[in-house]
Number of protein chains: 2
Amino acid sequence: MIGIMKSMDRKEELLEQVVEHVLEHGLIGLTLRPLAAAIGTSDRMLIYHFGGRDELVAAVVARANDHSVAAVKSMEPAEDVRTGVEALWHAYREEPMHSCLQIYLQAAATGLIGMEPYRSVVRAANELWYAALRDYITACGAPPERAGRIATLVDSSLIGFHLDLATDRPDELATGVADLAVAAGAIAAA
Amino acid sequence: MIGIMKSMDRKEELLEQVVEHVLEHGLIGLTLRPLAAAIGTSDRMLIYHFGGRDELVAAVVARANDHSVAAVKSMEPAEDVRTGVEALWHAYREEPMHSCLQIYLQAAATGLIGMEPYRSVVRAANELWYAALRDYITACGAPPERAGRIATLVDSSLIGFHLDLATDRPDELATGVADLAVAAGAIAAA
DNA sequence: CCGAAAATGTAGCAGTCGCTACATGATCGG
DNA sequence: CCGATCATGTAGCGACTGCTACATTTTCGG
């Protein structure tokens, strides 16, 4: 029993290191041996603790999402919904959310074609994420009966903006986000 | 010279088959031998005609994007911007755009972490795509001086919605798209 | 019909993949 | 201090990767 506790600690320790590595080097194309070497262990041990590559990937995606969710939950509510959406976009582009969202995007794009475990873990992650977003929007003063609707719009749209961050010019995207924020505010005030 | 023309035809023929295969089986994890076997050739010939895996992938992403762009350009303009956005969303979920956008999403997510040739080819694809979107929105009656701004909002947001299509319930997303369409219409009419 | 060039087949190389069998070291309850 | 369980190192398996050298067939201008 105590041995199990010990192993859990070690697994947790490894997971944190793996997440850190994936945040920097990406999820797509992740393989065990280079990963293990980078964090000072062996593929043998990663499989021993996690059971296999798939389980490790699932744990990484879930953990990265936890970090994102925690970051949103730690945000101070803005004074209104429009300002809140702008604040969200600002948070999206800063660490730790920026890298965590990139992991999410990579996992979501992979899960898009039905590949497991990406599909399942992304589903679960998205639910937690959506709930956190809705709570924040509610805290910004949105009517509770419309917060979910606003969260749906903001969630999908901001993810899209974040994806385009790599190809578009940031200042152009900023006008798009501003328009989105106004729209969200209008729904809240309707 | 005529020989070169012939080889170009063969390359074109192969590319079309490769795109068709990728549309069904995804871009992430694509490898030459299973791909070649599926379309009745050999990895040897794919490399011979395209030069290497990277060039083949770049050609596939560009071609899939061409199909998406052509689909948008073939759309009848809607009577106003709001209706146009709804029509775009409808087109997003039907073939050929649905599968082509999934390829784009997979390439974009891969290019997000700087991987070539994904990064470059996605950049180029996005420019063509954005231009087609802006033209369509203009054709729907948006003031030319604001069409670009609307296209920025709609482009990023709809891509986000499409990504969430795999995890969220479609009817919930539909309300989000409806809200987006109203917002786009409001900007056009402002 | 011939010779060059293009196209394709055959076979394989060096490297990586996830994973596992086996043995050893570490830890700890009894 | 002993035996059991956990943790880790070593070595390697079979499969797959992109790619290439070499030989062959096919095509087509002259």
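Here is how names work: the chains are called A, B, and so on, in the same order as the sequence lines, proteins then strands, and each is numbered from 1. It should be emphasised that the depicted structure is a prediction, and the values quoted were computed from it without experimental measurement.
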| message | Whole angstroms only, please: what is the CG-P distance between A:Leu46 and D:dT8? | response | 11 Å
| remark: Sorted by number, residues from residues 18-29 of chain A placing a heavy atom under 4.0 Å from DNA chain D are none
| query | Any side-chain N or O of B:Arg10 less than 4.0 Å from the OP1 or OP2 oxygen of C:dA6? | reply | no
| request: Would you mind reading off the distance between B:Arg44 atom CZ and C:dC13 atom P, rounded to a whole angstrom? | output: 17 Å
| message | Just to be sure I understand the rule, does B:Leu32 reach a base, reach only the sugar-phosphate, or reach nothing, if contact means heavy atoms closer than 4.0 Å? | response | sugar-phosphate
| message | Distance check needed: D:dC19 C1' versus B:Met45 CE, whole Å only. | response | 14 Å
| message | So if I take the C1' atoms of five pairs at each end of the helix from C:dC1-D:dG30 to C:dG30-D:dC1 and get each local axis, what angle do the two axes make, rounded to 10 degrees? | response | 10°
| task | Let me know the distance between CZ of A:Arg53 and C1' of C:dC17, rounded to the nearest Å. | result | 10 Å
| Using 30° and 60° as the class limits, which term best fits the ring planes of B:Trp89 and B:Tyr92: parallel, tilted or perpendicular? | tilted
| query | If every non-hydrogen atom of A:Tyr130 is compared with every non-hydrogen atom of A:Ala151, which pair is closest and at what distance? | reply | CE1-CB, 3.7 Å
| message | For D:dT8 and A:His49 - does any side-chain N or O of the residue sit under 4.0 Å from the phosphate oxygens OP1/OP2? | response | yes
| note | Side-chain atoms of A:Tyr48 come closest, of D:dA7, C:dC19, D:dG9, to D:dA7
| note | What one should report as the nearest heavy-atom pair of B:Leu180 and B:Ser157 is CD2-CB, 3.6 Å
| said: Can you confirm whether A:Leu14 sits close enough to A:Arg10 that some side-chain heavy atom of one is under 4.5 Å from a side-chain heavy atom of the other? | reply: yes
| Hey, is the side chain of B:Asp43 pairing donor to acceptor with the base of D:dC19 inside 3.5 Å? | yes
| request: Evaluate whether atom CD of A:Glu145 has more than 12 neighbouring non-hydrogen atoms of other residues, nucleotides or ligands under 6.0 angstrom away. | output: yes
| request: Give a yes or no on whether a salt bridge exists between B:Arg63 and B:Glu16, defined as a side-chain N under 4.0 angstrom from a carboxylate O. | output: yes
So which protein nitrogen or oxygen atoms get under 3.5 Å of nucleotides 14-16 of chain C's nitrogens or oxygens?
none

| query | OG1 of A:Thr31 to CZ of A:Arg53: how many Å apart, nearest 0.5 Å? | reply | 8.0 Å
| task | Could you tell me whether B:Leu30 contacts a base, only the sugar-phosphate backbone, or nothing, with contacts defined as non-hydrogen atoms closer than 4.0 Å? | result | sugar-phosphate
| task | Please report, rounded to the nearest Å, how far the P atom of D:dT17 is from the CG atom of B:Leu35. | result | 11 Å
